[in-house]
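Notes for the one structure printed next.
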Number of protein chains: 2
Amino acid sequence: MNLKQLSHMLALSQTTVSRALNGYPEVNEETRRRVIDAAKRHGYRPNPSARRLATGKTGMIGYVLPTGAAVDIDPHFVEFLSGLGDYARSHELDLVLSPADADDQETTYRRIVANRQVDAVYISSPRPADRRVALVSTLGIPFIVHGRSEGLDFDYPFTDIDNEGAFHEAARLLVQLGHRRLALINGDDRETFAIHRERGVRRALAASGLVLGEGHVCSLAMTEENGYRAARRLLEQSDAPTAIACSSLIMALGVVRAVRDLGLTIPGDLSLIAHDDVFPWLKPENFSVPLSTTRSSIRLAGARIAERLAARISGLEEGARGEVWPVDLVIRGSVTGAPA
Amino acid sequence: MNLKQLSHMLALSQTTVSRALNGYPEVNEETRRRVIDAAKRHGYRPNPSARRLATGKTGMIGYVLPTGAAVDIDPHFVEFLSGLGDYARSHELDLVLSPADADDQETTYRRIVANRQVDAVYISSPRPADRRVALVSTLGIPFIVHGRSEGLDFDYPFTDIDNEGAFHEAARLLVQLGHRRLALINGDDRETFAIHRERGVRRALAASGLVLGEGHVCSLAMTEENGYRAARRLLEQSDAPTAIACSSLIMALGVVRAVRDLGLTIPGDLSLIAHDDVFPWLKPENFSVPLSTTRSSIRLAGARIAERLAARISGLEEGARGEVWPVDLVIRGSVTGAPA
DNA sequence: CGAAAAAACCAAAGCGCTTTGGAAGGCTCT
DNA sequence: AGAGCCTTCCAAAGCGCTTTGGTTTTTTCG
């Protein structure tokens with residue numbers, strides 16, 4: 001069933017039927033009702049290919065998915081997707097993932113924009129001076145950055161959490177509890193979020209005249225194993241830290257294992273705070289010693305970004321507004337005063 | 001730059017240019033070279049919207065993504081996606097995720113097929129008599145099922161792992177080691193994979209005249225917390241199992257925690273085998289007691305399914321061939337003979 | 001009542017590609 | 001030389017929608 005058939009059936013022109021269906025004003029309400037009714041009854045659905053050819057609108061939002069044998073998609077992605085998908089569903093938006101060589105995502109961004117394959121895109125895991133952000137903003141397609149870049153000479157729209165503030169608070173608390181040797185087990189420090197977190201920790205320490213010791217900061221892919229290795233290395237040093245801030249729950253698993261392997265305890269020998277993106281399948285309160293966290297739902301971020309993208313597509317949102325969400329600091333059993 | 005301009009520039013018809021570019025035989029090789037060369041030089045890229053309107057081909061594969069506030073996307077999904085994306089990239093395929101109400105995915109399948117939004121789809125987490133499989137196969141779009149349904153009165157193409165065999169082997173090993181009271185901590189038993197695993201365990205036990213005791217099988221969403229709860233419940237029973245087979249590494253984390261909380265040890269008091277889908281961020285060999293596993297890379301499955309979908313799209317694969325991959329049984333420190 | 005304005009509708013021209021149905025020209029072969 | 005066959009190219013007809021630029025009918029109002 002296509003427009004032609006439907007309009008013939010109603011003894012109307014395609015023009016009128018199309019307008020009736022798309023809510024244009026120049027059609028009699030009575031006629032519109034007839035049309036809508038008939039469309040529903042016959043299960044008419046406009047062919048999206050035709051529509052997009054005519055309008056350029058696709059009803060899809062795009063994401064360039066870095067791939068490669070050595071590339072691991074972040075497990076956070078799936079939670080983000082839950083939020084994004086949930087919003088997108090309610091707005092009849094689809095998401096298209098365009099796989100790209102992790103080292104050359106720009107070609108793919110160019111392609112999906114040139115081809116008009118999507119109405120908007122989002123960018124995640126931005127780095128300082130991220131070329132994707134620069135590219136996409138010159139390409140002129142609506143977009144939102146999840147996170148922030150740095151050192152770009154123009155503004156752009158983003159939704160980020162206050163990583164610096166969160167880790168500042170966490171470190172400040174630890175310092176207040178008397179800890180003097182802190183360590184940071186961070187994610188990949190080529191990404192802005194990790195840089196901000198480190199900055200937060202350093203700022204808190206500096207406020208008390210402390211510093212993040214040489215060798216007291218690790219920056220690694222966020223796996224359990226890396227958490228373990230980092231923690232072991234830190235704890236076996238002569239000036240081992242008495243408190244650790246950790247960038248992910250998964251790494252924290254490794255930290256806990258290392259502590260146990262070394263015959264130490266949390267929080268007796270080591271206070272631990274980790275960042276929690278709120279996974280349904282791994283909860284900080286369920287660690288054998290409940291884990292203190294800086295908490296921010298990545299799922300909510302996904303939904304918010306979908307919402308903003310939708311707004312931008314329909315022209316409701318413009319400009320380069322960035323928003324920064326506060327992060328909760330949730331104290332549980334894994335922190336205590338520094339050992340004597 | 002569109003076809004019209006390009007052909008005008010070359011003083012050729014659109015027909016010829018189109019054919020030259022698409023590899024049709026009825027064009028002089030010399031001409032073809034000229035065309036291809038000019039196209040490249042001017043960066044001509046056929047507009048996909050136009051092409052799909054004309055041909056019906058989209059260059060995209062579809063997946064209906066169950067969403068909803070209470071719906072958690074399986075963290076396995078992201079690994080699967082890595083494999084799928086990696087293959088898709090090399091074949092210029094994009095993936096479109098259509099979010100749907102988890103309880104009504106069929107409407108969405110209908111839509112994406114009716115709209116010709118994608119060339120093929122895949123279905124994951126199938127259940128017995130899965131209506132999606134039935135629907136999609138009547139809809140006549142190329143598809144592959146990741147996993148298997150059961151009790152359908154027709155054949156369909158799938159790629160699955162030998163869940164029954166894997167858990168049969170695991171249980172058989174445990175029985176051989178003298179265990180008499182086994183338990184199974186399974187995933188959602190509305191899904192076929194879980195049913196198969198339970199079947200495998202039961203079959204192995206039956207071979208030695210044993211049974212899976214009442215209350216010795218749990219079926220829950222695969223979270224750390226559920227693993228913990230299930231293990232506690234099992235181990236606090238009077239006839240506590242001496243060995244557990246567990247459907248996921250994440251649940252196994254919870255099991256390990258429960259064992260520790262109860263002051264027991266692995267493998268002294270409890271032997272444990274879990275299924276490992278091979279995550280880069282959580283490895284069984286890194287458990288404090290290295291975990292024995294049934295292992296099968298879900299990432300490889302993603303790549304394979306992309307490959308088969310591509311083959312089906314281009315007509316290279318037909319029919320309802322199902323393939324079942326064997327699963328490795330990897331013995332590590334978490335299993336030993338039954339306690340006296 | 002008649003002119004101007006508003007309302008309701010329509011025919012046809014795109015959007016950019018593929019594909020059908022020829023046509024022109026050059027070869028082969030008898 | 002002419003029939004018949006390739007080879008190579010082209011004009012034009014879709015694909016199914018939106019939108020432009022009217023036209024016709026109805027309403028408004030001095």
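Letters A, B, ... are given to chains in the order of the sequence lines, protein chains preceding strands, and every chain is numbered from 1.
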Practice prompt. Please state how far atom CD in Q5(B) lies from atom P in dC15(C), giving the value in whole angstrom units.
Written response: 10 Å
Practice prompt. Output the single nucleotide from dC17(D), dT18(D), dC17(C) whose closest atom is nearest the side chain of N22(A).
Written response: dT18(D)
Fill in: Nearest listed nucleotide, side chain of T15(A), among dG16(C), dG14(C), dC10(C)
dC10(C)
Worksheet item: Given atom CD of Q14(A) and atom C1' of dG14(C), what is their separation to the nearest angstrom?
Response: 13 Å
Worksheet item: Does A100(B) offer a backbone N or O that forms a donor-acceptor pair with the side chain of T67(B) under 3.5 Å?
Response: yes
Worksheet item: OP1 or OP2 of dA8(C) less than 4.0 angstrom from a side-chain nitrogen or oxygen of N28(A), does that happen here?
Response: yes
Worksheet item: What's the CE-P distance between M1(B) and dC17(C), to the nearest Å?
Response: 10 Å
Worksheet, complete the sentence: Rounded to the nearest 0.5 Å, the OG atom of S297(B) sits from the CD1 atom of I161(B) at a distance of 10.0 Å
Discussion item. For dT18(D) and S18(A) - does any side-chain N or O of the residue sit under 4.0 Å from the phosphate oxygens OP1/OP2?
Written reply: yes
Discussion item. Taking the ring centre of each residue, are Y122(B) and F80(B) less than 6.0 Å apart?
Written reply: yes
Discussion item. Any donor-acceptor pair, under 3.5 Å, between the side chain of T16(A) and the base of dA8(C), if you only look at N and O atoms?
Written reply: no
Item to complete: Answer yes or no: is there an ion pair linking R89(B) with D94(B), defined by an N-O contact shorter than 4.0 Å?
Response: no
Discussion item. Whole angstroms only, please: what is the CD-P distance between E26(A) and dT24(D)?
Written reply: 18 Å
Worksheet item: Any side-chain N or O of Y24(A) under 4.0 Å from OP1/OP2 of dT19(D)?
Response: yes
Discussion item. Could you tell me how far apart H8(A) (NE2) and dC17(D) (C1') are, to the nearest whole angstrom?
Written reply: 18 Å
Worksheet item: Using 4.0 Å as the upper bound for N to carboxylate O, is an ion pair formed by D119(A) and K57(A)?
Response: no
Worksheet entry | Touch class at under 4.0 angstrom, heavy-atom based, for A20(B) against every strand present | nothing
Worksheet item: From dA11(C), dG16(C), dC9(D), pick the nucleotide closest to the side chain of N47(B)?
Response: dG16(C)
Worksheet item: What nucleotide, of dC17(C), dT19(C), dC17(D), holds the atom closest to the side chain of T55(B)?
Response: dT19(C)
Worksheet item: Nearest-Å distance, CZ (R19(B)) to C1' (dA11(D))?
Response: 12 Å
Worksheet, complete the sentence: Whole-Å distance, N2(B) CG to dG14(C) C1', equals 12 Å
Worksheet entry | Interatomic distance, L53(A) CG vs dT18(D) P [rounded to whole Å] | 11 Å
Discussion item. For a quick check of understanding: with a heavy-atom distance under 4.0 Å over all strands, which category does T31(A) fall into, base, sugar-phosphate or nothing?
Written reply: sugar-phosphate
